[in-house]
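Here is the structure we will look at.
Here is how names work: the chains are called A, B, and so on, in the same order as the sequence lines, proteins then strands, and each is numbered from 1.
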There are 2 protein chains.
Amino acid sequence: MSVDCVIFGFDFEKLKVLVIQDEPNEAPSKARFSLPGDLIYDDETLDQAAARVLKELTGLENIFLEQLGAFSSLDRLSKPADKEWLIMMREQPEMRVITVAYFALVNLNAFNPMVAKFAKAVSWKPVDEIDSMAFDHFDILQKAHQQLQSKLKIQPIGFNLLPEKFTLSQLHKLDEVIAGKELDKRNFRRKMIKLKIVEKLDEKQKGVPHKPSSFYHFNVENYQKLAETGFDNFGF
Amino acid sequence: MSVDCVIFGFDFEKLKVLVIQDEPNEAPSKARFSLPGDLIYDDETLDQAAARVLKELTGLENIFLEQLGAFSSLDRLSKPADKEWLIMMREQPEMRVITVAYFALVNLNAFNPMVAKFAKAVSWKPVDEIDSMAFDHFDILQKAHQQLQSKLKIQPIGFNLLPEKFTLSQLHKLDEVIAGKELDKRNFRRKMIKLKIVEKLDEKQKGVPHKPSSFYHFNVENYQKLAETGFDNFGF
DNA sequence: TAACAAAAACGTCGTTATGACACTTAGATA
DNA sequence: TATCTAAGTGTCATAACGACGTTTTTGTTA
């Protein structure tokens, strides 16, 4: 039994995901990426295991991890490269392992995995540039990505992916990236402002060679209130 | 590792769930109900296990089982009555077991578990009359119920809970029962008809002491089409 | 210092969806 | 023939939606 974590981040350009390069010293062409994950202990819940493993492998902690689902294909560990890895790393490489995936959204800018002991192994990779991963992690990533898109259709999400203060343009860009399509700028702003889940601050961008945009912050209380009623008729 | 199945049914009055009475010969007051579930085999996926176990325990087959999530509390098997049961029924009663729950919607009228070998153990129970179950099955049931309600907010569901031919009043009642609130009759009908996911048949109720209602059937193609676009702005 | 480049900010209008609300109709039964 | 019961139907005011172009503010460049 194992857990794997799909951690999404946003750098104002692209949706990214936290991946581990299994053998950092390999040539880039042979690089093999996986999601942070490991076997669980017998005395912890899956939620606890996911939080623990994520912290151990990346240093990330205190983030909201949501369960995505269990993955149990019979051949999920049977690619040659995966078998090799298991023989090297696991006491019981032949053991069947079912994994439960978790996913989370984090502010990429506040967390830089490029430090200390994680420097070589952990990195952010644009979701749209990934076409294969170790084990069944690509399947898991795709499911997580779908989940993210589905959720966006139902409720405004993604505030976790932005800094405390953000501009509406950034939020707009984020939602476009998640939705995978253009969203009309004016209609988008109208909606966010009408829902009252963002509040304008008395602060503007500085040093940009164009009209500076105002910073906003996320209004948690209003969001909660809306969440209770289920965001009736939210959607793009 | 085990699977448990939450099977919802609808008898035109109440939302019901398929439960197993562990010791059918006990006095009703001591009755202990659980969800159909069992340990998985090492050579089957969770999806396969759920389908197999459900068939073995209830005779139900060929239904769409959707994964609900994994349940892994450390104390999920530790109530005294549960321990007793495990000691009687399991080879390794102390073993930690994590379960993955599945849920499905079925037409209660087409499936009568009150037959053959299942007669004593399996029955439909109104969801709102259940306040405790064996193991953590009550938690699972609640999660499944929530999931059902959330899904209804996003997309029209529940056609699986009705017979092939149904009346709009039945569908209306069903959605009210799932949503747990009144839905305006006229607005409800308007919406269903506008979405074109139901089609009127040339057939009416007979023998009812009031104006007979027309039968409708579910239009799968239109439903699929809408499902692809994500039921933009569906909701009550 | 004037012109320019770049992104932010803003409003309208026609269309569609929504929620609230009450009476008429068809068939069975007494 | 009267009565009962649930089915079936329409309107209106309000809110949300999608589509669309121009002006504003800043820094940079000529």
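Two residues are said to be in side-chain contact when any heavy atoms from C-beta on lie closer than 4.5 Å; Leu60(B) and Leu18(B) meet this criterion. Contact annotation: the side chain of Pro36(A) never approaches that of Lys55(A) to less than 4.5 Å [non-hydrogen atoms, C-beta and beyond].
Between the CZ atom of Phe188(A) and the P atom of dC10(C) there is a distance of 15 Å, given to the nearest Å. Rounded to an integer number of Å, the gap from NZ of Lys181(B) to C1' of dG19(C) is 11 Å. Distance, Ile193(A) CD1 to dA16(D) P: 14 Å, rounded to whole Å. A straight line from CD of Glu182(B) to P of dC21(C) spans 12 Å, rounded to a whole angstrom. Straight-line distance from the CG atom of Leu183(A) to the C1' atom of dA19(D): 14 Å, rounded to whole Å. In this structure, Lys200(A) places its NZ atom 8 Å from C1' of dA9(C), rounding to the nearest Å. One can place CE of Met192(B) at 16 Å from P of dT9(D), the figure rounded to the nearest angstrom. dA16(D) atom P lies 11 Å from atom NZ of Lys196(A), rounded to whole Å.
Phosphate proximity of dG19(C) to Lys191(B): absent, as no side-chain N or O sits under 4.0 Å from OP1 or OP2. Between Ser169(B) and dA6(D) there is no side-chain polar atom (N or O) within less than 4.0 angstrom of OP1 or OP2.
Residue contacts shown for Arg189(A) are limited to sugar-phosphate atoms, with no base heavy atom under 4.0 Å away. Counting non-hydrogen atoms under 4.0 angstrom, Ser214(B) reaches the backbone sugars and phosphates but no base.
For Phe71(B), the ring-ring contact (aromatic ring centres under 6.0 Å, His included) test picks out no residue, with sequence neighbours left out. Taking Glu129(B) as the reference, Lys14(B) meet the salt bridge (charged side-chain N to carboxylate O under 4.0 Å, His left out) condition, with sequence neighbours excluded. For Arg186(B), the salt bridge (charged side-chain N to carboxylate O under 4.0 Å, His left out) partners are Asp184(B), not counting sequence neighbours. Judged as a ring-ring contact (aromatic ring centres under 6.0 Å, His included), and not counting sequence neighbours, the contacts of His172(B) are Phe188(B). Every residue two or more places apart in sequence or in another chain was checked for a ring-ring contact (aromatic ring centres under 6.0 Å, His included) with Phe8(B), and none qualifies.
Between Arg186(B) and Lys194(B), the one whose closest nucleotide on DNA chain C sits nearer the 5' end is Lys194(B). Two residues, Asn187(A) and Phe215(B), neighbour DNA chain D, and the one matched to the more 5' nucleotide by heavy-atom proximity is Phe215(B). Nearest-nucleotide positions on DNA chain C for Ser213(A) and Arg190(A) put Ser213(A) closer to the 5' end.
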Quiz item: Which parts of nucleotides 22-30 of chain D does protein reach within less than 4.0 Å, heavy atoms only, written one letter per nucleotide 5' to 3' as B for base, S for sugar-phosphate only and - for none?
Solution: --BBBSS--
